[in-house]
S.K.: 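My structure is below; once you've seen it, I'll send some questions.
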Amino acid sequence: MPISPIQSWSLILTMALVTAGIRFFPFWVFRKNTPKLVLYLGTVLPGAVMAMLVVYCLKDLDLLGSNHGLPQIISVGVVAVLHKWKHNTLLSILGGTLCNMILLQTIFAV
Amino acid sequence: MKDKTIGYAFRASLPVMAGYLVLGMGFGVLLHDQGYSWWWAAVMSLLIYAGSLQYLAVDLMAAGAGIITTALMSLVVNFRHLFYGITMLERYKKAGRVRPYLIFALTDETFSLVCQGDLPDGVREKGYYFWVSLFNHCYWIVGSVLGTFVGNILGEHTQGIDFSMTALFVIIFIQQWETAKDHRPALIGLGVSLASLLIFGPDSFLIPGMVGITLALLAMRKFPARKEGE
């Protein structure tokens, strides 16, 4: 261990408290009446946030690098097509993930 | 009517099981490399329960970072979770005694499973939220502990398997797109995140992106959606 157990504990508890604090914050602040504006945000955020999470997952793609991020980009396409076609969540995830693994480990292997 | 809540929650959580076991193991391997045994991984996954922060935690602990630095990093990395609370505010208000746990366990992946309103008949809303949260939390803990045992045995054959998480978010994005009458929130989310990524780079685009999304959504409120067929 690079640091002592006590130091480790203090860092772990810090991260746990801050993370829980962020998650609880809206519920504390708006525990009585929620302003209309916040309720409005609650209805439109899911769509916007899911797009943000997709971008977040792909943020480290190196478009100018050796494989131009192609394995992931192709796999996202596979997921979209599979899902539009069958609307089966597990099938789409399995198909896309296998596609990504095969591409990364064979055609685009470094 | 037969109560299908637990079974339905379990099936809904399967994609997250795949993602969390893999990502959790990745974290466990890294933590183990720093000389921490399995129960440290279990404690961290139980108490912190935040994927990207725990990966970062390994670096912070390896570098012997201070508490202030660690607190600031946690704040920045998990700031997006504020959005999830705002979205679930009303629905979690009625959750009774499991409410604190639901809020504590509101990760990206759990949010993606609870933010869609429609549940089939025979599935209790509150129960669904609870079981999905608990199942996901368990996968994460189990994955991270496994990681400290298996180390790098699996080697390169798992390379790219973490894509399951990306796939899950893509699918939920598509589902939301298909049910939404107004596509502007999704387009704003996509456009602003990409713009922010280009301007601020991968390590710091989230917070400017979130601010931009919030402002754009607030501006959008002034322009009601056009009715169908117009």
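Proteins come first, then strands; the chains are lettered A, B, ... in the order of their sequence lines, and each starts at number 1.
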S.K.: Can you tell me if M73(B) has over 12 outside heavy atoms packed within less than 6.0 Å of its CE?
M.R.: no

S.K.: Is it the case that more than 12 heavy atoms not belonging to Y101(B) sit under 6.0 Å from its OH atom?
M.R.: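 Result for OH/Y101(B): enclosed.
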
S.K.: May I ask you to name which of N100(A), L98(A), L39(A), L94(A) has the most heavy-atom pairs under 4.5 Å with chain B?
M.R.: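 Highest number of pairs under 4.5 Å: N100(A).
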
S.K.: Please report the shortest heavy-atom distance between V18(A) and S74(B), naming the atom on each side.
M.R.: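 Minimum heavy-atom separation between V18(A) and S74(B): CG1-CB, 3.6 Å.
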
S.K.: What pair of heavy atoms forms the shortest contact from A186(B) to A51(A), and how long is it?
M.R.: O-CB, 3.7 Å

S.K.: Non-hydrogen atoms of chain A under 4.5 Å away: do they reach the side chain of W177(B), the backbone, both or neither?
M.R.: neither

S.K.: Answer with side chain, backbone, both or neither: which region of L13(A) has an atom nearer than 4.5 Å to a non-hydrogen atom of chain B?
M.R.: side chain

S.K.: Could you tell me whether the side chain of Y56(A) reaches within less than 4.5 Å of the side chain of L206(B), counting heavy atoms only?
M.R.: yes

S.K.: Quick check for you: to the nearest 0.5 Å, what is the distance between L90(A) atom CG and M17(B) atom CE?
M.R.: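 Reported value, rounded in 0.5 Å steps: 10.0 Å.
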
S.K.: Taking the side chain as every heavy atom from C-beta outward, state whether F173(B) and H83(A) have any pair of such atoms under 4.5 Å apart.
M.R.: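 Contact flag for F173(B)/H83(A) side chains = no.
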
S.K.: Would T34(A) and E90(B) count as having a side-chain donor-acceptor pair, cut-off 3.5 Å?
M.R.: yes

S.K.: CG of L82(A) to CD1 of I171(B): how many Å apart, nearest 0.5 Å?
M.R.: 8.5 Å

S.K.: Against chain A, label F205(B) side chain, backbone, both or neither, depending on which of its atoms sit under 4.5 Å from a heavy atom there.
M.R.: side chain

S.K.: Please name the pair of heavy atoms, one in Y40(A) and one in L217(B), separated by the smallest distance, quoted to 0.1 Å.
M.R.: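 The answer is OH-O, 2.6 Å.
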
S.K.: Where on L197(B) is there a heavy atom nearer than 4.5 Å to chain A: the side chain, the backbone, both, or neither?
M.R.: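 For L197(B), side-chain heavy atoms alone lie under 4.5 Å from chain A.
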
S.K.: Please classify the contact between A180(B) and chain A as side chain, backbone, both or neither, with a heavy-atom cut-off of under 4.5 Å.
M.R.: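 Contact with chain A: none, neither part.
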
S.K.: For L58(A), is it the side chain, the backbone, both, or neither that has a heavy atom closer than 4.5 Å to a heavy atom of chain B?
M.R.: side chain

S.K.: Do other residues, nucleotides or ligands put more than 12 heavy atoms under 6.0 Å from L37(A) CG?
M.R.: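 Yes, enclosed.
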
S.K.: For H87(A) and Q175(B), test the side chains for any donor-to-acceptor distance below 3.5 angstrom and give the result as yes or no.
M.R.: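 The answer is no; no qualifying pair exists.
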
S.K.: Counting heavy-atom pairs under 4.5 Å to chain B, which of I22(A), V55(A), I3(A), V78(A) comes out on top?
M.R.: I22(A)

S.K.: Which residue out of G96(A), G21(A), A16(A), P46(A) racks up the most heavy-atom pairs below 4.5 Å with chain B?
M.R.: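 Answer, by heavy-atom pair count under 4.5 Å with chain B: P46(A).
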
S.K.: What are the two closest heavy atoms between R31(A) and K93(B), and how far apart are they?
M.R.: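 Taking every non-hydrogen atom into account, O-CE, 4.0 Å.
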
S.K.: Quick one: are Y36(B) and P5(A) in side-chain contact, heavy atoms under 4.5 Å?
M.R.: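 Heavy-atom side-chain distance check fails, nothing below 4.5 Å.
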
S.K.: Output the option from A12(B), S52(B), A62(B), G19(B) having the highest count of non-hydrogen pairs under 4.5 Å with chain A.
M.R.: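 Of A12(B), S52(B), A62(B), G19(B), A62(B) has the most heavy-atom pairs under 4.5 Å with chain A.
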
S.K.: Check whether any side-chain heavy atom of M15(A) lies under 4.5 Å from a side-chain heavy atom of Y49(B), and answer yes or no.
M.R.: no

S.K.: Less than 4.5 Å apart, side chain to side chain, heavy atoms only: is that true for Y84(B) and V49(A)?
M.R.: yes

S.K.: Please flag which part of S196(B) lies under 4.5 Å from any non-hydrogen atom of chain A: side chain, backbone, both or neither.
M.R.: neither

S.K.: Under 4.5 Å, counting heavy-atom pairs only, tell me which of T69(B), V77(B), I172(B) racks up the most with chain A.
M.R.: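 Of the candidates given, the most pairs with chain A belong to I172(B).
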
S.K.: Less than 4.5 Å apart, any side-chain heavy atom of T89(A) and any of P15(B)?
M.R.: yes

S.K.: Can you tell me how far the CG atom of D108(B) sits from the CE atom of M50(A), to the nearest 0.5 Å?
M.R.: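 CE of M50(A) is found 8.5 Å from CG of D108(B).
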
S.K.: Could you check which of I67(B), L47(B), I213(B), I188(B) has the highest count of heavy-atom pairs closer than 4.5 Å to chain A?
M.R.: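 When all of I67(B), L47(B), I213(B), I188(B) are compared, I67(B) has the most.
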
S.K.: Is P26(A) close to M88(B) at the side-chain level, that is, under 4.5 Å between some pair of heavy atoms?
M.R.: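 A side-chain contact is absent here, since even the closest heavy-atom pair is not under 4.5 Å.
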
S.K.: More than 12 non-hydrogen atoms from neighbouring residues, nucleotides or ligands closer than 6.0 Å to CG on L63(A), yes or no?
M.R.: yes

S.K.: Determine the option with the most heavy-atom pairs under 4.5 angstrom with chain B, choosing from A20(A), S92(A), S8(A), G95(A).
M.R.: S8(A)

S.K.: At a 4.5 Å cut-off on heavy atoms, which part of E178(B) comes close to chain A: side chain, backbone, both, or neither?
M.R.: side chain

S.K.: Non-hydrogen atoms of chain A under 4.5 Å away: do they reach the side chain of L190(B), the backbone, both or neither?
M.R.: both

S.K.: Of the listed residues (M210(B), M44(B), H183(B)), which shares the most heavy-atom pairs with chain A below a 4.5 Å separation?
M.R.: M44(B)

S.K.: Counting only heavy atoms not in F79(B), do more than 12 sit closer than 6.0 Å to its CZ atom?
M.R.: no

S.K.: Could you measure the distance from the CZ atom of F27(A) to the CD1 atom of I86(B)? Nearest 0.5 Å is fine.
M.R.: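 If we round to the nearest 0.5 Å, F27(A):CZ and I86(B):CD1 are 9.5 Å apart.
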
S.K.: Is there a side-chain contact between C57(A) and F163(B) in this structure, where contact means two heavy atoms from C-beta onward sitting under 4.5 Å apart?
M.R.: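 Heavy-atom side-chain distance check fails, nothing below 4.5 Å.
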
S.K.: Name the member of L104(A), V79(A), L11(A), V54(A) that forms the most heavy-atom pairs with chain B at distances under 4.5 Å.
M.R.: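 With the most close heavy-atom pairs to chain B, the winner is L11(A).
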
S.K.: Measuring from atom OG1 of T19(A) to atom CG of N78(B), what distance do you get when rounded to the nearest 0.5 angstrom?
M.R.: 4.0 Å

S.K.: Less than 4.5 Å to any heavy atom of chain A: does that hold for the side chain of R99(B), its backbone, both, or neither?
M.R.: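 Interface part for R99(B): side chain.
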
S.K.: Most heavy-atom pairs under 4.5 angstrom with chain A, which of A167(B), A57(B), G201(B), A63(B)?
M.R.: A167(B)

S.K.: Based on non-hydrogen pairs under 4.5 Å, which of V29(A), V76(A), L17(A), D60(A) is most in contact with chain B?
M.R.: V76(A)

S.K.: Name the member of V192(B), L46(B), T107(B), D203(B) that forms the most heavy-atom pairs with chain A at distances under 4.5 Å.
M.R.: T107(B)

S.K.: Tell me whether R23(A) contacts the main-chain N or O of I103(B) through its side chain, where contact means a donor paired with an acceptor under 3.5 Å.
M.R.: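 No, R23(A) side chain to I103(B) backbone: no donor-acceptor pair under 3.5 Å.
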
